[in-house]
There are 2 protein chains.
Amino acid sequence: MRGRLCDSYGVRRYFHPDPEDICLPEVLFALSDATRLGIAVDLSDGGERTAGELGGDIAKSTMTHHLKILREAGVLRVRSEGTRCYNSLRLADLESRFPGLVDQLLSSAARCGYTSADARR
Amino acid sequence: MRGRLCDSYGVRRYFHPDPEDICLPEVLFALSDATRLGIAVDLSDGGERTAGELGGDIAKSTMTHHLKILREAGVLRVRSEGTRCYNSLRLADLESRFPGLVDQLLSSAARCGYTSADARR
DNA sequence: CTCAATGTTCGGTAATCCTAGAACATTCAT
DNA sequence: ATGAATGTTCTAGGATTACCGAACATTGAG
């Protein structure tokens, strides 16, 4: 029997914290990196993006790392479909947990010019 | 001549970034630690606190470290008077740079129960 | 089945961070 | 001058982080 690197065969399983378990310092840490902040800004239109659409020059494994930090902090949700996985902001969950915060945060970030394009430089 | 550890004799000098140099990821990082977030919440009434009033059980040198991170990110201002130094939030500067953000952030943090008392447990 | 596309995991390196004890600096009170 | 109070700097260990290349896993297309 060969060893397995992934922890499941069927559809890939991702950990997402329950809404009430989303904690503020962790969210702030997740967004305290310019690349990750840019990703969040890019998704703030409510849309979905694949890792490939979000990252650019950075290595795939690095992108996985950043998306994992955002996901485990409760900022992102991932939905896998075929070979792709679509990332989107957990806007409603964040809004209910930290009313008014995420909008302010992402609009400030957008005003400051952060975009996932930052990952492409 | 003996070596000196401090870089000045007269009043202690602290670095404070100019308002326009305050950058969002750095602020978010500064607030992404429960101890530091608690300190910010504690100061959100606009008052001044000394390191001793803010920290509790944690070592003085650790407190200096946290206050330095907050200060260099532009979150705090330090004013030294005698043997004490009074820390206060740079509310106006933060508000002008990130309108509406700090209020939302600190009220969310307060709602979640963060206090500088966290440093005392 | 085989291949290409998309991500993940692993292993490793360099950098940064958290924490704290010890020594030092500055100021004030006596 | 001496000592107490307050805070900083130095040093160091342990933990975490960012980043990437290589190998692997999963899915869909041909």
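Within every chain, numbering begins at 1; the chains are lettered A, B, ... in the order of the sequence lines, protein sequences first and strands thereafter.
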> Can you tell me if the side-chain N/O atoms of T50(A) get under 4.0 Å from OP1 or OP2 in dG7(C)?
Replying inline: yes
>> If the condition is salt bridge (Lys or Arg N to Asp or Glu O under 4.0 Å), which residues does E81(A) pass it with, not counting sequence neighbours?
In response: R79(A)
> When the distance from CG of D57(A) to C1' of dA18(D) is rounded to whole Å, what number comes out?
Replying inline: 16 Å
> What nucleotide among dG7(C), dT8(D), dA18(D) has an atom nearest to a side-chain atom of F29(A)?
Replying inline: dA18(D)
>> Does a side-chain N or O of R84(B) approach OP1 or OP2 of dT26(C) to a distance below 4.0 Å, or not?
In response: no
> Quick one: is dG7(C) close enough that its OP1 or OP2 comes under 4.0 Å of any side-chain N or O from Y14(A)?
Replying inline: no
>> Can you pull out the residues from residues 68-77 of chain B that lie within a 4.0 Å heavy-atom distance of DNA chain D?
In response: none
> Rounding to a whole Å, what distance do you find between E53(B):CD and dA5(D):P?
Replying inline: 16 Å
> Distance from D42(B) atom CG to S44(B) atom OG, nearest 0.5 Å?
Replying inline: 7.5 Å
> Can you find an N or O donor on one side and an acceptor on the other, under 3.5 Å apart, linking the side chain of T83(B) with the base of dG7(D)?
Replying inline: no
>> Suppose we screen for side-chain contact (heavy atoms from CB on, under 4.5 Å). Which residues come up paired with A40(A), at least two apart in sequence or across chains?
In response: L31(A), L89(A), L106(A)
> What's in the same ILVMFWY side-chain cluster as V78(B), cut-off under 4.5 Å, chained through other members?
Replying inline: Y14(B)
> Rounded to whole angstrom units, what separation is found between the CZ atom of F15(B) and the P atom of dT9(D)?
Replying inline: 14 Å
> Could you give the distance from NZ (K60(A)) to OG1 (T62(A)), rounded to the nearest 0.5 Å?
Replying inline: 11.5 Å
>> Nearest whole Å is fine: how far is dC17(C) C1' from D33(B) CG?
In response: 10 Å
> Quick one: the side chain of S61(B) and the base of dA20(C), do they pair up donor-acceptor inside 3.5 Å?
Replying inline: yes
> Do M63(A) and F29(A) share a hydrophobic cluster (ILVMFWY, side-chain heavy atoms under 4.5 Å, transitive)?
Replying inline: no
Taking N or O atoms only and anything under 3.5 Å, show me the protein contacts with nucleotides 12-15 of chain C, one pair per line.
none

> Does T62(A) put a side-chain nitrogen or oxygen below 4.0 Å from OP1 or OP2 of dA18(D)?
Replying inline: no
> Quick one: L67(A) CG to dT6(C) P, roughly how many Å, whole number?
Replying inline: 15 Å
>> Expressed as a whole number of angstroms, how long is the span from R13(A):CZ to dT9(C):P?
In response: 13 Å
> With respect to the side chain of T64(B), which nucleotide from dT8(D), dT19(C), dA20(C) is positioned closest?
Replying inline: dT8(D)
> Are Y86(A) and L70(A) joined in one hydrophobic group, where the rule is that I, L, V, M, F, W and Y side chains link up if heavy atoms are under 4.5 Å apart?
Replying inline: no
> Of all the nucleotides listed (dT8(C), dT8(D), dC18(C)), which has the minimum atom distance to the side chain of K60(A)?
Replying inline: dT8(C)
> So how far is it from R13(B) CZ to S80(B) OG, rounded to the nearest 0.5 Å?
Replying inline: 9.5 Å
>> Side-chain N or O of H66(B) versus OP1/OP2 of dT19(C): is the shortest distance under 4.0 Å?
In response: yes
> D33(A): what forms a side-chain contact (heavy atoms from CB on, under 4.5 Å) with it, not counting sequence neighbours?
Replying inline: T35(A), R36(A), H66(A)
>> Would you compute the distance between atom CZ of R77(B) and atom CG of N87(B) and round it to the nearest 0.5 angstrom?
In response: 11.5 Å
> Roughly, in whole Å, what's the span from CG in L31(B) to P in dC18(C)?
Replying inline: 12 Å
> Within this structure, what is the CD1-to-P distance between I58(B) and dT19(C), rounded to whole angstrom?
Replying inline: 7 Å
